[in-house]
Structures are given as C-alpha cells and as structure tokens.
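Source: prediction; values computed, not measured. Note: hydrogens, waters and symmetry copies are ignored here, and every other heavy atom, side chains too, is used.
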Amino acid sequence: MSERTIHRDRPLITAWSAVSPFGLGRDAFAAGVARGEPAHLVPDFDTRKVLGKAGTRTYDRATGLAVTAVRELLDEAAAARQPIATGGGTALVLGTTLGSAHSAAGFSRASFEGDKPYDVPAQLMPNVLMNGPAAATAIRFDLKGPNTTLAGGAAGGLLALGYARRLLAAGRAERALVGAVEEQTETRAWLAGEPDRPIGEGSAVLLVETARTLPPERRVLAELLSLDVRLAVDEDPQEALAATVRDALAQADATPDQVWAAAVTGQPAEDQLAALVGPEAVRRVRTAGLLGDTGSAGTVFSVTTVLALAEQDPAAAGRLAVIASLDQQGLAACAVLRLAGGDR
C-alpha cells in the first residue's frame, strides 16, 4: 500500500499483538490461527509470573491480560527496531463488556460476608471498575495520552476503534493503542447464560496512527475506510447487521466483490454475512470458532486474524476485510479495512 493511496487523516493499523489461548505475542497468535485448532483459555497464565511481582500484587486476571498484551506490542516493536513512542502523544482505548465481572462479584460478596458492609479488601477496589485494566496499563507503560474504556459488549472492540479514530482526527493524540480484553471465569460464563457456547479469553491490541505522524520506517498493515454502528430497536437484529454492513461498504465506496475476508462475532450470523459478501470471504476467518466467545475482544481478534492471514497471502494486498459484530440486544457494528497484505 503506497503512501499516495492513503488518506492523510485516515486511521492506519501499523502493528498488533495479542495474548490469546494460542499463547503470548503476535507470532504465537499467527501460528495458532494457521493451525486452526480451537483453544479457549490462555495457557499457564499467571500474572505475577508473566509480569513480575513488582506492582502486580493487586492485578486481577483481566488487568494482567491487558497489561501483557500491551507489553508484547511494545516489546515486539522495539525488537524490530521500530519502537512505539509513549508519553503524552499516545492514547489507550480498551473495549470491554463489564470489566472483570468476577472481581466485581467477589468484592460485592465480601460486603455481605464481612462483619460490617465496609469489611472489604480495599486494595482490590480498582478491579471493580471497568477502567481498571486501562488505568493499570497506562501507569505501567507511561501512556499519558487520553485513557478510555468503552463497555460495548460484542461491539466493544469496534467502538474502541471508532473512538480512537475521533481522537486522532481531533488531534488529541498522535497514535493510539486500541484493543479489548475479556477473562474466562465462572462468573462471566454464568452471566453469558449459554452453557453450550464455549467462553474464551484474551486481549488483542492494535497500534493505530495516521499518515501525518507515521514514522518513515513503520509499514502500514491496513487502513480503516469506514465504521458503522446501529442499534436495532424496532427491527430484526439480523437485518440491522445487514444494513450496517451495507452502509459501511457504501461509506468506504466499496462493493462486496472487493471483500477478501469477513467475520462476525457475538451472535451467530455467518450465513447473513455470507449472503452479503460471499461465502468464501466468511470461510477464510473462523476466529469465533477457534477462540470461543471472547466478548468485546472478539472483533479485535478478528482483525488480528485477518492481518495474520493477509501477511501470508499476496492475494490479500489491496483487498478489503469486513469486521462485524451483533449482540443479543441488537447492537450491530461493522468496520471496513483495506489490507496491505504480502510478507513483512
């Protein structure tokens, strides 16, 4: 993707990493996608062993996953001699469903079980707040730009991407780390209320920049062309998804035949998506089938899956990816990306 084809202010995805059931980091995720073997729990993940004991005593699992994902992104960029600047120019935007439902439930339970309602583990209070992982991540890595957590269920990752787009357009940040995090716990599984659907976990993070501030050595992986969100109040949720995909393609001035890969997370809607962009594009990306229900992280995992696949397929260069979500309440979202493709 040459620079002259890139809109100067349009968001560009230039790096990514993940902590997933396939392991820690970008390479582990790409290898897991290539194998195509389902996995739902991040293996052998112990926050204090992975991140060290300093400053992590009060981290819950969700915070540990998010902090580790950002660490992997920063470390991988530094190893490639393309370090990511931190400080005031770097924003952090994380999507979530409820934050750590397990931590919130445990904290609330303590207020009933103690001798007094205030007999609670006060040091764990930050874990009750949905912005706990984002705050801990920013503190650990000196991310002094805007720090935002968006609770949006299955659409959380795309809502975070849209929020970062506005931050960059307004000049509030020079770059943004954009992702989502979900943990696998009994509490989250109980709240999901779908015993036949496996609950997955993990955190994926994208580096989003614009051509205005893009370092010359950084390669563009994908360009965000459009993003559309709607809530189906009086219409069928499946039709809301279809309308959202059609509008996102129209905003991108694109047609379905240009779509190389497509994925939908949240509620099962692969058939509806295939009817819009073709079954081959949908078959190419099976993130939900591999990782299970990863909540707000599902859309970001879909993006990283598409980017991992595109890196290995020259046919992806210049083609489009459609990343969509649909939740039980009828909130539908869709992003359209133009892929760079090819080897790194």
Side-chain angles (χ1 to χ4, degrees), residues 1 3 5-18 26 29 66 69-74 76-77 80 82-96 134 137-138 141 143-150 152 155-181 203-229 248 251-252 296-297 299-308 310-311 320-323 325 333-340:
M1 191 183 295
E3 187 166 328
T5 68
I6 297 173
H7 190 284
R8 182 172 173 80
D9 296 315
R10 191 170 278 159
L12 309 172
I13 299 173
T14 56
W16 63 271
S17 195
R26 172 185 174 129
F29 185 85
V70 171
R71 183 198 68 178
E72 294 299 304
L73 177 66
L74 297 176
E76 288 164 3
Q82 297 181 13
I84 299 169
T86 54
T90 303
L92 176 64
V93 188
L94 285 184
T96 184
T137 303
F141 300 113
L143 306 175
K144 296 181 178 179
N147 185 281
T148 306
T149 298
L150 294 171
L158 292 183
L159 296 178
L161 190 58
Y163 190 93
R165 177 177 63 174
R166 295 191 294 276
L167 285 178
L168 295 173
R172 295 287 308 281
E174 297 177 6
R175 68 201 63 81
L177 306 184
V178 183
V181 60
S203 179
V205 184
L206 314 170
L207 173 61
V208 181
E209 304 175 270
T210 67
R212 289 182 288 107
T213 57
L214 187 69
E217 70 277 6
R218 192 108 69 212
R219 183 178 153 235
V220 175
L221 303 177
E223 182 180 6
L224 176 63
L225 301 182
S226 65
L227 199 156
D228 190 76
V229 181
Q251 292 169 28
S296 63
T299 50
V300 192
F301 277 132
S302 292
V303 172
T304 58
T305 297
V306 168
L307 295 177
E311 288 282 343
L320 304 183
V322 167
I323 308 298
S325 68
C334 178
V336 177
L337 308 175
R338 179 186 291 129
L339 302 169

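Here the closest non-hydrogen pair linking Ser226 and Ala248 is OG-O, 2.6 Å. A pairwise comparison of heavy atoms in Ala180 and Gly157 identifies CB-CA, 4.4 Å as the closest pair. In terms of heavy atoms, Glu76 sits closest to Trp16 at OE1-O, 3.7 Å. Closest approach of Val229 and Ala333 over heavy atoms only: CG2-CB, 4.0 Å. The shortest non-hydrogen separation linking Ala340 to Arg219 is CB-NH2, 4.0 Å. Of all heavy-atom pairs spanning Ala176 and Leu168, the tightest one is N-CD2, 4.4 Å.
Atom CD1 in Ile323 sits 8.0 Å away from atom SG in Cys334 (nearest 0.5 Å). For the atom pair CG of Leu227 and CZ of Arg166, the computed distance is 9.0 Å after rounding to the nearest 0.5 Å. Note that the CG atom of Leu225 and the CG atom of Leu337 stand 7.0 Å from one another [nearest 0.5 Å]. Here the OG atom belonging to Ser325 is positioned 7.5 Å from the CG atom belonging to Leu159, to the nearest 0.5 angstrom. Annotation: the span from Thr299 atom OG1 to Leu158 atom CG amounts to 4.0 Å, rounded to 0.5 Å.
Surrounding CZ of Phe141 are more than 12 heavy atoms belonging to other residues, nucleotides or ligands, all under 6.0 Å away.
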Exercise. Would you please test Leu221 and Glu311 for side-chain contact (heavy atoms from CB on, under 4.5 Å) and show each step?
Key: CA-CA 9 Å; Leu221 303 177; Glu311 288 282 343; 3.2 Å; yes
Quiz item: Given the rule in the side-chain contact (heavy atoms from CB on, under 4.5 Å) test, do Ile84 and Leu207 qualify, once you have shown the distances and angles that lead to the verdict?
Solution: CA-CA 9 Å; Ile84 299 169; Leu207 173 61; 3.7 Å; yes
Exercise. Check the pair Thr304, Leu206 against side-chain contact (heavy atoms from CB on, under 4.5 Å), reporting the backbone distance first and the verdict last.
Key: CA-CA 8 Å; Thr304 58; Leu206 314 170; 3.9 Å; yes
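Inter-residue side-chain proximity for Leu143 and Thr137 is flagged as met; some heavy-atom pair is nearer than 4.5 Å. Using a 4.5 Å heavy-atom threshold, the side chains of Arg165 and Val208 count as separate. Looking at Asn147 and Leu94, their side chains never come closer than 4.5 Å, going by heavy atoms from C-beta outward. Using a 4.5 Å heavy-atom cutoff, the side chains of Leu177 and Val70 are in contact.
Using cut-offs of 30° and 60° on the angle between ring planes, the pair Phe301 and Phe29 is parallel.
With respect to Arg338, the side-chain contact (heavy atoms from CB on, under 4.5 Å) criterion is satisfied by exactly one of Leu320, Leu224, Leu12, Val220: Leu320. Under the side chain to side chain donor-acceptor pair (under 3.5 Å) test applied with Arg175, the options Thr213, Thr14, Thr90, Thr86 reduce to a single match, Thr90.
For Glu223 (side chain) and Arg10 (main-chain N/O), no donor-acceptor pair under 3.5 Å exists by modelled atom type.
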